[in-house]
Amino acid sequence: MYRIILAASLLSLAGCATTEIETSNTAAEPQAEEQQSAEAEQIAQLQRDLEEARQQAEEAKLQAEKQEEQRQQAQAERRRRGPEFGAVDDSTRRITGETIGDIFAPLDLPTANEMRLGSGAPGTEWWQQRCDYIIDARVEPESRRLEATMQVTYYNNSPHDLDYVWLQLEQNLFKPDSLGTLSRTPGSVMSTDLGAFDGGYTIPYIRSEGNDLDFSIYDTLARIDLDEPIESGETFEFELAFGFNMPPHLRRMGAEDVEQGTIFEYAQWFPHVTKYDDVNGWNTLPYIGNGEFYTDFGDYEVSITVPRGFLVEATGVLQNPEQVLSSETIARLDDARQSDTTVLIVTPEEVGTGSYHPDGAEDLTWSFRAEDVRTVAFATSNAFIWDACTANITNLDGTERAVLCQSFYPKEAEAWYWNREWLPNKPGGSTQYIKHSIEFYSDWLYPYPYQEMSNINGAEGGMEYPGIIFCGAKTNDVGLFGVTDHEVGHNWYPMLVNTDERRYMWMDEGFNSFINMYSNADYYGEMRFRRGGAQRLTPVMNGETAQASNTPADRHWPRWVGTLNYSKPAWALYLLREVVLGPERFDTAWKSYTHRWAYKHPQPADFFRAMEDASGTDLAWFWRGWFLSAAKLDQGIAEVSAIDENRAGITLVNEGDMVMPVMMEITYDDESTERIDLPVQIWGAADTWRVPIKTNGKAITKVVLDPNGMYPEITRENNVWESASSSEESTEQ
């Protein structure tokens with residue numbers, strides 16, 4: 001590059017010299033000729049230098065392209081080969097799930113009682129714990145450290161006396177000797193380089209009524225021993241202080257430096273009481289990384305102090321806008337609360353100026369309140385553009401309600417902009433995507449449970465918490481819509497229907513990925529399978545060492561977590577709706593499950609029972625095949641034979657251990673086709689079934705099972721039968 005610039009400069013000087021020679025009348029002719037000859041040689045040398053520089057630049061470009069190609073090839077080879085350390089050998093993958101046996105047999109579910117009914121509904125003796133938090137936190141952007149104090153009120157609504165309390169300390173995952181760090185494949189999405197970051201909490205004290213409480217820390221758990229038990233129906237109040245350094249971004253939280261400042265995203269950031277329930281008692285599974293969380297509902301009052309110029313957004317509703325926002329900013333927010341179109345709250349020109357604050361102190365404390373939520377998360381930055389609009393939903397009682405939809409993002413996040421348009425007649429930008437998702441899911445499933453929904457662009461690629469989501473896409477419109485819709489959908493599963501994400505990831509990720517299919521279809525006007533269809537599942541479902549979805553995510557083979565918890569359950573539910581039950585019957589049952597378990601915590605057995613009870617269908621074979629085992633599907637055609645001129649028989653076989661209804665397309669010699677669907681009950685007594693066909697004098701030339709490719713078959717070769725004449729004709733063609 002230096003040689004190119006130098007050569008260009010010399011050419012410019014040479015040009016000036018040439019002009020001077022040509023216009024001079026005082027120089028002698030011989031001298032002029034010598035000068036012109038020398039300068040011509042100089043120009044020729046410069047041209048040679050330029051050509052050499054061009055060649056070097058081209059060679060450097062080709063070398064860079066070659067190195068990038070080699071890097072990509074090496075990366076692809078590493079993905080194919082797997083990691084060098086940790087869980088590396090596919091052949092030793094631990095098989096999980098039930099042994100099939102009789103796939104139609106009743107499920108071995110817990111005995112129903114008045115806590116959890118046989119109908120899949122909560123009973124008259126239902127109870128669940130509750131925990132309220134008051135948190136005062138300070139974020140120091142320079143040191144990237146958070147310090148906080150917390151007051152906790154725990155409600156023991158169980159019929160049991162509790163001698164001790166367990167806390168989750170999820171930030172301890174980021175210690176170099178944590179169970180998560182030591183048991184995870186190095187380089188995976190949730191791991192750190194050993195010794196690179198010594199994270200985790202400092203907890204100076206835990207006390208109650210002024211007295212210190214004894215506590216012991218075990219990895220991501222702490223046990224508080226009590227002098228007296230918390231009796232049934234009593235409350236227990238305690239307080240603690242804690243602090244931690246922001247870990248390098250892995251998942252769920254992190255800091256990102258952008259052109260105009262830094263974005264901090266905080267999630268699973270405070271010690272919280274683990275859930276005590278009727279199934280497992282204290283839920284003390286450690287935080288290893290893939291399994292997220294399982295908590296009680298409660299009310300939160302959270303105050304966050306940051307330097308002037310930083311905006312803060314959190315779960316809940318801002319309680320002190322006059323203390324942290326200027327009157328003009330508040331007026332813009334009021335406008336957004338009445339607007340279907342997106343309104344700018346903090347403009348790109350105002351970013352980092354602090355003009356959106358009232359005059360006053362250098363540090364500002366933002367106070368938020370959230371009611372009946374599982375947890376809180378927040379984000380803060382001096383680089384945020386802020387815009388908002390309103391979504392309109394109908395409550396259960398028929399009244400209308402407005403939900404404030406907000407987005408916070410840096411200037412680099414082009415796809416988020418309020419004036420973005422990328423589809424005909426579809427307003428673009430993050431805030432409009434939020435609006436679409438909230439209105440769609442509220443209409444289909446259950447009214448959105450909170451007053452606001454905010455989307456934050458920062459280090460985290462995609463994560464959800466009550467009323468706030470983190471989405472990392474910056475310039476990809478399709479990607480931003482997809483991740484926004486997915487994370488908003490999580491506010492139904494598991495934020496509203498509170499499932500155990502540590503044990504049953506499929507009950508939130510799978511359910512949410514399923515409902516996303518229909519939200520995407522509503523937005524785009526066509527069904528799009530964002531996580532792939534049946535064929536994406538085939539390699540995972542049909543491996544020799546396959547695993548069931550109903551396995552804790554931290555025990556899933558690392559590269560299979562997404563397929564087994566997102567894609568496979570979502571596709572199973574799609575087939576249950578579109579093939580097994582039909583949309584009307586399915587939607588009635590699905591909505592019944594959602595309404596029964598809103599603000600409660602169902603187990604898989606409750607889901608299975610609720611769907612069967614509301615749809616009036618025995619689905620044991622379906623749950624066992626798709627969720628509880630690693631069953632494989634292989635339907636085939638054994639024989640097609642003519643009985644007489646008007647009848648034929650098609651012999652079907654079920655060669656796998658999974659069963660599904662049969663979808664069959666028959667082609668006749670006059671090129672007409674017939675679609676025949678058979679219920680799963682044909683496999684109830686045997687794995688062979690002969691289907692009688694009325695041919696009306698026509699000959700069958702071709703039979704295809706699953707003609708639309710909706711099933712993840714082991715092999716599709718036996719799904720097609722062709723007559724000899726038809727086969728020969730196809731070969732000739």
Side-chain angles (χ1 to χ4, degrees), residues 103-107 109 117-121 440-441 443-446 489 492-493 497 499 506-508 510-522 527 529 531 533-534 537 541 549-550 566-597 602-629 631 633 635 654 656 658-665 675-684 689 705-713:
I103 197 167
F104 287 97
L107 297 182
L109 300 178
L117 302 179
S119 64
F440 179 82
Y441 295 131
D443 181 59
W444 183 27
L445 303 171
Y446 190 98
W492 282 263
Y493 315 100
V497 180
T499 50
W506 61 271
M507 290 188 74
D508 68 285
F511 288 12
N512 187 33
S513 298
F514 162 69
I515 65 173
N516 296 160
M517 294 182 187
Y518 296 92
S519 178
N520 274 252
D522 183 74
M527 183 62 75
F529 303 122
R531 299 193 181 278
L537 307 178
M541 290 181 63
S549 289
N550 195 48
Y566 293 71
S567 304
K568 182 181 177 183
W571 194 252
L573 293 170
Y574 177 74
L575 294 177
L576 185 61
R577 184 180 193 267
E578 302 299 333
V579 176
V580 179
L581 294 178
E584 181 180 354
R585 197 175 195 181
F586 176 93
D587 288 353
T588 299
W590 185 264
K591 184 173 289 189
S592 175
Y593 164 75
T594 302
H595 283 240
R596 284 176 172 182
W597 289 99
Q603 294 282 310
D606 301 310
F607 170 66
F608 299 153
R609 284 169 162 157
M611 290 296 292
E612 292 187 7
D613 188 77
S615 68
T617 311
D618 178 5
L619 295 169
W621 59 272
F622 189 85
W623 311 130
R624 184 176 280 112
W626 281 93
F627 295 96
L628 302 179
S629 72
L633 180 66
Q635 296 179 351
N654 195 80
M658 177 186 281
V659 293
M660 286 293 288
V662 170
M663 297 178 286
M664 181 167 58
E665 184 177 81
R675 173 69 178 259
I676 294 178
D677 294 336
L678 299 171
V680 74
Q681 282 76 11
I682 68 171
W683 307 119
W689 184 266
L705 298 184
D706 184 26
N708 297 323
M710 298 178 72
Y711 291 164
E713 294 262 2

Open item on the list: side-chain contact (heavy atoms from CB on, under 4.5 Å) for Val680 and Phe104? Distances and angles first, verdict last.
Closed with: CA-CA 10 Å; Val680 74; Phe104 287 97; 4.2 Å; yes

Open item on the list: Test your reading of the model: is there a side-chain donor-acceptor pair from Asp706 to the backbone of Tyr711, 3.5 Å cut-off?
Closed with: yes

Open item on the list: Rounded to the nearest 0.5 Å, what separates atom CH2 in Trp444 from atom OG1 in Thr594?
Closed with: 9.0 Å

TODO: Decide yes or no for Ser615 and Thr588: does some side-chain heavy atom of the first lie under 4.5 Å from some side-chain heavy atom of the second?
DONE: no

Open item on the list: Could you check whether any side-chain heavy atom of Val497 comes within less than 4.5 Å of a side-chain heavy atom of Pro602, counting everything from C-beta outward?
Closed with: yes

Open item on the list: With a 4.5 Å cut-off on side-chain heavy atoms, are Leu107 and Leu628 touching?
Closed with: yes

Open item on the list: Is the shortest side-chain heavy-atom distance between Met658 and Trp683 below 4.5 Å?
Closed with: no

Task: Side-chain donor/acceptor of Arg585 to backbone N/O of Ala614, under 3.5 Å - done: no

Open item on the list: Using modelled atom types and a 3.5 Å cut-off, is there a donor and acceptor pairing between side-chain atoms of Ser549 and backbone atoms of Phe627?
Closed with: no

Open item on the list: Donor-acceptor pair, distance only, cut-off 3.5 Å: does the side chain of Trp623 make one with the backbone of Ala605?
Closed with: no

TODO: Please report the shortest heavy-atom distance between Asn550 and Pro604, naming the atom on each side.
DONE: OD1-CG, 4.2 Å

Task: Candidate pair Tyr518 and Phe586, rule ring pair (Phe, Tyr, Trp, His ring centres under 6.0 Å), full reasoning - done: CA-CA 14 Å; Tyr518 296 92; Phe586 176 93; 8.2 Å; no

Open item on the list: Has Lys591 got a side-chain atom pairing as donor or acceptor with Tyr446's backbone, closer than 3.5 angstrom?
Closed with: no

TODO: Using modelled atom types only, decide if a donor and an acceptor are shared between the side chain of Arg624 and the backbone of Ala105 within a distance under 3.5 Å.
DONE: yes

Open item on the list: Tell me the closest heavy-atom pair linking Val659 and Asn654, and the distance in Å.
Closed with: CG1-ND2, 3.9 Å

Open item on the list: Are the side chains of Pro583 and Glu578 in contact, using a 4.5 Å heavy-atom criterion?
Closed with: yes

TODO: Considering non-hydrogen atoms only, spot the tightest contact between Ala572 and Phe622 and give its length.
DONE: O-CZ, 3.1 Å

- [ ] For the residue pair Trp506 and Lys568, establish whether any side-chain heavy-atom pair is separated by less than 4.5 Å.
- [x] no

Open item on the list: When you compare the side chain of Thr617 with that of Val580, does any pair of heavy atoms fall below 4.5 Å?
Closed with: no

Task: Partner residues of Trp590 under the side chain to side chain donor-acceptor pair (under 3.5 Å) criterion, sequence neighbours left out - done: Tyr493

Task: Main-chain N/O of Met660 paired with Gln635 side-chain donor or acceptor, under 3.5 Å - done: yes

Open item on the list: To the closest 0.5 Å, what do you measure between CD (Glu665) and CD1 (Ile676)?
Closed with: 10.5 Å

Open item on the list: Tell me whether Asn520 contacts the main-chain N or O of Asn516 through its side chain, where contact means a donor paired with an acceptor under 3.5 Å.
Closed with: yes

Task: Parallel, tilted or perpendicular, as decided by the 30° and 60° cut-offs, for the rings of Phe511 and Phe607 - done: tilted

Open item on the list: Donor-acceptor pair, distance only, cut-off 3.5 Å: does the side chain of Asp606 make one with the backbone of Gln603?
Closed with: yes

Task: Minimal non-hydrogen separation, Ala631 against Gly625, with atom names - done: CB-O, 3.6 Å

Open item on the list: Apply side-chain contact (heavy atoms from CB on, under 4.5 Å) to residues Arg609 and Leu109 and explain how you reach the verdict.
Closed with: CA-CA 9 Å; Arg609 284 169 162 157; Leu109 300 178; 3.7 Å; yes

Task: Nearest-0.5 Å distance, OG of residue Ser592 to CG of residue Asp587 - done: 12.0 Å

- [ ] Please name all residues satisfying side-chain contact (heavy atoms from CB on, under 4.5 Å) with Ala521, sequence neighbours left out, ordered by chain then number.
- [x] Met527

Open item on the list: Apply side-chain contact (heavy atoms from CB on, under 4.5 Å) to residues Leu117 and Arg596 and explain how you reach the verdict.
Closed with: CA-CA 11 Å; Leu117 302 179; Arg596 284 176 172 182; over 6 Å; no

Open item on the list: Restricting to non-hydrogen atoms, name the atom on Gly489 and the atom on Ile515 that form the minimum distance, rounded to 0.1 Å.
Closed with: O-CD1, 4.1 Å

Task: Nearest heavy-atom neighbours spanning Tyr441 and Ser519 - done: OH-CB, 3.1 Å

Open item on the list: Test side-chain contact (heavy atoms from CB on, under 4.5 Å) on Leu619 and Leu576; report intermediate values, then the result.
Closed with: CA-CA 10 Å; Leu619 295 169; Leu576 185 61; 4.0 Å; yes

- [ ] Would you mind reporting whether Met541 and Trp626 have side-chain heavy atoms less than 4.5 Å apart?
- [x] yes

